[in-house]
Each structure stands twice: as C-alpha cells, then as structure tokens.
Amino acid sequence: MKKWLKTTFLLTLAGSLLMTACGNNNASDNGGVTNIKTQVINYAPEFIGPDNPLWQEFEKRTNTKLNITWLSPTTAEDKINVMLASGDLPDLTYVETLDNSQLRKMIDQGVFWDLTELLKEYPNLNREEFEVMWRDSKINGKNYGVPRYYPAYGGGIFPMFRKDWLDKLQLQVPANVDEFREVLKAFKTMDPNGNGQADEVPYATTPASLGFLYNVFNETQGSWKLKDGKLVPIITEDASRDALLYIKQLFDDGLLPPDFAIMKFSQVTDLIRSGKAGGVGYSMNQAWIHTEFIRKTDPNADLIPLASIENKAGVKYTPSGVPYYGVFLIPKKVPEDKVKKILSFLDYGYGPEGNTLAFYGVKDVHYKEDNGNKIPTDQAKKDMVGDGNMASIFHLVSDDMAISAIGMPDDFYKRNVDIVTERKKVDVPQPDRGLFSEKFNRYFPDIQKKVDDMRTKVIIGKETIEAYDKLIEQLRNDAQLKEITDEMNEYYAKRQAEL
C-alpha cells in the first residue's frame, strides 16, 4: 500500500509539474503576464535585447514577457525555411511572404489558426488603412496571419540621384530612360564632385538592383504581364531583351561600377556613402539616411528620389506593392485564450499609442514635439529607437514608414511627400499579385537564375546577345515554363471570376 501511495504521489506530482510547464508555455504566467515567443526580420544596424528600455516599456504596457529572436536580412529567408521544415514554431511565427510552398502546405494541414473571425474583435487591426492589406493577404478567402503594414508607395529599389551634382551641372532630374543615361554620362565626364579627378561612379548598383529596368521596358511589375488577357512571363519578352541591351550600353559606357557583376549590396552602400557615386537604388526613406552620412564630409550632399521614369514609348513606371511586408501567424498548438492575448498585443501595437511607441519611443524621453514634429533626443540614439528593432514588429501606419527617417529635416521631408504624391498618380499593373503557384515556386527560381546569369554575362561581355537569344528561344519551348504559365493562368482566371 505504501509503495502504491508513493508511486501515485510521484505520478501526480509529475503530472502537476507537466501541467505547470505547459501552462507557462501556452498560457499566462503569474499575475496574468503573457509569454510571447517570436522571431522577426530586423534591419537595424544593432539589435536590442530584453534589457532595452523600449523593449521593457512594451512589456509593461501590454502585460507581456517578450522572447524575441531578431533575424538578419541576409539570413532571414534561410532561417525561416529551416524553422518551417522543423515544425518548431514560436507563438508568433513570422514569415516574409505567404508565397512559400512549405508554409502553404502547413496552412492546408491546419498547422495555423484561421484568424478570420477572431480578428473582428480588435479595432486597431481593423483600421481603414488595413482594408486592402487584409484582402490581399487572404488564402482561400481566409486570413491565417496578421500582416505587417507597409505603405504601397515609397518602398522598393528605385533610383535616387545626387541633386547637388545635378544642380552643379545644370541638369534636371531625369524623367525617362534616355535622360537617365545622359545624366550618368555627365556624372562620368564633368567632374561633379569637383576634385579634378575622374573618380566618380555614375550609378552604384548590383545586377539585381537594376531589375526595375526590365519592368520599365515591359510596363508591368513582377514577373508577369498581360497580353490578350493572358499572363506571359516577361523573361521571354522582346522588351526584356531591349532592357538588357540598354543596361549593357550603360556598362560599356563606364556608367556602372567595373566590378558591378560581383558587387554585394553592402558594397553599394559603401560606394554611395563614400561620396563617389552619383546615383543608387533604394526606398525613399534611405535618401535622407545616406544623405546625412555623406554630409559628414560633403555638407552640400543631397539625394533626391525619382518620382517615376518613362520608357521609350513614354509610359511611366514607378514601384508599388501590396500594403504589407511580412506576416505573423499563430500555430494551432497555442490555446485560444493565449491567441486572443497575442492578438491584443498586436492590436495595441497598431493603435495610436503603441504605434508611436514602437517607432518614436516615449515622449519627452526619446523625442520632443515641436510644431507637430517629433524630434529625437540623444536618449533615442542610445536606446536605438527608430527604424528596426521594436519598429520591426509594428511598422508605422503612415507613408512616413517608407518616406521618412529619424532626423530628416522639414524641407527634405516635404519634398519626399511631394514625390510620393506623384508616385501615387502612376498605376503600374502587377497582374500576378496575390497569385500562388506551386509549379512557379518549384521551377521558376532555377529558370530565372539561368536568365539572370546569362544577362550578367552579356552585360560584361562574357557572352554574346546571340547566346542570350538562343537561351530565350529554348525557354519559349520549355515544358516546365509552359506548366508554370498554364497554372498561373488557371489561378488568374479563377481570381478574376471571384472579383
């Protein structure tokens, strides 16, 4: 009897400890504090930890204990894929895109919560600015995740130029592809930095960062365009050949870096910040970030983003996108009561108070207000407030997310507002937006890589344009590309019927 009682007691104790452990992981801790484990991409130059005052302020205001793993932009995609494959998912699982084959399979298998009905209870997650975001992130008519808001205009890699160089050479901001090339030629030959040496790099870029030109020439965004009501891949279009020859001419004229074919994006940043580059491609908010850096050695430096650029047919192009970047999903292993607390946490971050806190910090500690402007303090720099870190979880619900930056002067900001206003007048189609094709994900990356490699070789003179033409002709008859195109058109027709 004693042995039986002892065994029963031990089993009961073990069960109690197990329940406590599960409770700590899946529900609230003592005092109603909710543990939230998450991971998210972070573009800040230095990552903060749980000892950071802003991190702690969020925990205090939301009654949470946060366990955040920051993902570096260079390794985020690989780490997210490994995480999905392992099935070891945090409470709030971040993915960069919903167009991920493994993720789609997991959603179909019921791994994540369908949040469609639950979301209706959270007013800040249903603010007017999010209407398109919720629509575009649906999968089979349901919302399985909470997207991170991002303005549709102002982001994306698109050219900006040294306006002080343009002014010195009495040139206008280029409005079309011909003026784009002429400005770069002037930067190369007319010594805009005034040091008497031919050391200017007219346009700092990698091959990938010139991808927008293929869209300019094809008058579309993304990898597809509409012809006679059908989707066709732009890699096999004649307009893409024209774009390739245009880029090759830029390289042959010495308007791109000599080692452009093997440059990394970090090296592009180094070039523009060195003061030697006349143009570069970034999102609009980066114009001030890099200008501020260059002004340490050149007080007159001024980078101005383009509003748009016309192709040779006079059709304007400017980048735009879905109004979000990245999505948070909640695994089904998380109990419903904790799901609601996680959604409350997200709801706070997208309310006026939480949104301001994430991006600007605490009033009178991290920023002062002056005529409606939020002026950062020295403490803001010390606590690493601003782009990245806590603002990586809650993006600022404003065009400022894409066009503003901490410390940006009023005149610079007002100019960016005018530019983004002009961008919003240019509506470039992206017919494949929101479409998911398993065959596209499986086959297209390899096809695109073959084309990208050939393009780069043609640009730098390692291959002929005839070799490129031969590859494109093969692709036009490629069975895998045909399968992809057929599936994409099937889903496109289905979506059009639902609209």
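Residue numbers start at 1 and run along the sequence shown.
For the pair F444 and I484, the tightest heavy-atom approach, listed with the atom from each and the gap, is N-CD1, 3.8 Å. Pairing each heavy atom of A307 with each of I419, the nearest pair is CA-CG2, 3.8 Å. Of all heavy-atom pairs spanning G222 and Q430, the tightest one is CA-NE2, 4.0 Å. In this structure, Q172 and L166 approach most closely via the heavy-atom pair O-CD2, 3.9 Å. Across R104 and L98, no two heavy atoms sit closer than the pair NE-O, 2.9 Å. In terms of heavy atoms, P257 sits closest to A204 at CG-CA, 4.1 Å.
D399 and N416 share no side-chain donor-acceptor pair at under 3.5 Å. Side chain to side chain, N285 and S283 meet the donor-acceptor criterion of an N or O pair below 3.5 Å. Using modelled atom types, one finds a donor on one side chain and an acceptor on the other under 3.5 Å when comparing E353 with Y348. Between T356 and Y367, the side chains place no donor N or O within less than 3.5 Å of an acceptor N or O (distance only, hydrogens not considered).
In this structure, W134 contributes its side chain and L125 its backbone to a donor-acceptor pair below 3.5 Å. At distances below 3.5 Å, at least one donor-acceptor pair connects side-chain atoms of N389 with backbone N or O atoms of I48. D164 contributes a side-chain N or O that, together with a main-chain N or O of D302, makes up a donor-acceptor pair within less than 3.5 Å. Side-chain atoms of N176 come within 3.5 Å of backbone atoms of E179 as a donor-acceptor pair (strictly under, hydrogens ignored). One N or O on the side chain of D191 and one on the backbone of G196 form a donor-acceptor pair closer than 3.5 Å. Side-chain atoms of Y153 come within 3.5 Å of backbone atoms of V426 as a donor-acceptor pair (strictly under, hydrogens ignored). Looking only at distances, a side-chain donor or acceptor of N311 sits under 3.5 Å from a matching main-chain atom of A313. Proximity of a side-chain donor or acceptor of Y246 to a complementary backbone N or O of V177 within less than 3.5 Å is detected. Remark: side-chain polar atoms of D178 are not paired, donor with acceptor, to backbone N or O of K312 under 3.5 angstrom. Checking side-chain atoms of S392 against main-chain N and O of N42 turns up no donor-acceptor pair under 3.5 Å.
Look at D167 and K163 and you find a salt bridge, because one of the NZ, NE, NH1 or NH2 atoms lies within 4.0 Å of a carboxylate O, short of that distance. Look at R415 and D411 and you find no salt bridge, because none of the NZ, NE, NH1 or NH2 atoms lies under 4.0 Å from a carboxylate O. Checked for salt-bridge contact, D452 and R455 meet the test: a charged N lies under 4.0 Å from a carboxylate O. A salt bridge links R241 with D469; the closest basic N to acidic carboxylate O contact falls under 4.0 Å. Here K248 pairs with D252 in a salt bridge; the nearest charged N to carboxylate O distance falls below 4.0 Å. Using a cutoff of 4.0 Å between basic side-chain nitrogens and carboxylate oxygens, K425 and E422 are scored as salt-bridged. Comment: D400 does not engage K374 in a salt bridge, judged by the lack of any side-chain N to carboxylate O separation of less than 4.0 angstrom.
Taking the six-membered ring for Trp, Y122 and Y350 have ring centres at least 6.0 Å apart. Between F328 and F394, the ring center distance fails the sub-6.0 Å criterion. For an aromatic pair to be called close, the ring centres must be under 6.0 Å apart, and Y214 with Y317 fails this.
Other residues, nucleotides and ligands place more than 12 heavy atoms under 6.0 Å from the CD atom of E237. Heavy-atom neighbours of I262 CD1 from other residues, nucleotides or ligands within 6.0 Å: at or below the threshold of 12. No more than 12 heavy-atom neighbours from other residues, nucleotides or ligands sit within 6.0 angstrom of CD on E131. More than 12 heavy atoms of other shown residues, nucleotides or ligands fall within 6.0 angstrom of atom NZ in K168.
Shown here are the side-chain contact (heavy atoms from CB on, under 4.5 Å) partners of I41, two or more places apart in sequence or in another chain: Y43, P73, A76, Y94, E96, R148, Y325. Listed by chain and residue number, D199, S274 satisfy the side-chain contact (heavy atoms from CB on, under 4.5 Å) test with K276 (two or more places apart in sequence, or in another chain). Judged as a side-chain contact (heavy atoms from CB on, under 4.5 Å), and not counting sequence neighbours, V82 has no contacts.
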Given K414 and D418, is the salt bridge (charged side-chain N to carboxylate O under 4.0 Å, His left out) satisfied, shown in steps? CA-CA 6 Å; K414 289 174 182 175; D418 291 340; over 6 Å; no
Begin from the C-alpha positions of L250 and Y203 and carry the test side chain to side chain contact (heavy atoms under 4.5 Å, CB included) through to its verdict. CA-CA 9 Å; L250 296 181; Y203 196 80; over 6 Å; no
Is there a salt bridge (charged side-chain N to carboxylate O under 4.0 Å, His left out) between R295 and E292 once you walk through the steps? CA-CA 5 Å; R295 283 184 181 178; E292 184 180 33; over 6 Å; no
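Atom NZ of K65 sits about 4.5 Å away from atom CD of E59, to the nearest 0.5 Å. With values rounded to the nearest 0.5 angstrom, D88 atom CG is found 9.0 Å from M83 atom CE. Between T205 atom OG1 and M263 atom CE the span is 8.5 Å, to the nearest 0.5 Å. Atom CG of residue L329 and atom OG1 of residue T93 lie 7.0 Å apart, to the nearest 0.5 angstrom.
Taking the six-membered ring where the residue is Trp, F440 and W224 present tilted rings, their angle falling between 30° and 60°. Classification of the Y150-H395 ring pair by plane angle, with boundaries at 30° and 60°, yields perpendicular. Ring orientation note: the planes of F212 and F180 are nearly perpendicular, at an angle over 60° on the 30°/60° scale.
Side chains of I294 and L303 form a contact here, defined as non-hydrogen atoms less than 4.5 Å apart. Between R423 and M284 there is a side-chain heavy-atom pair separated by less than 4.5 Å.
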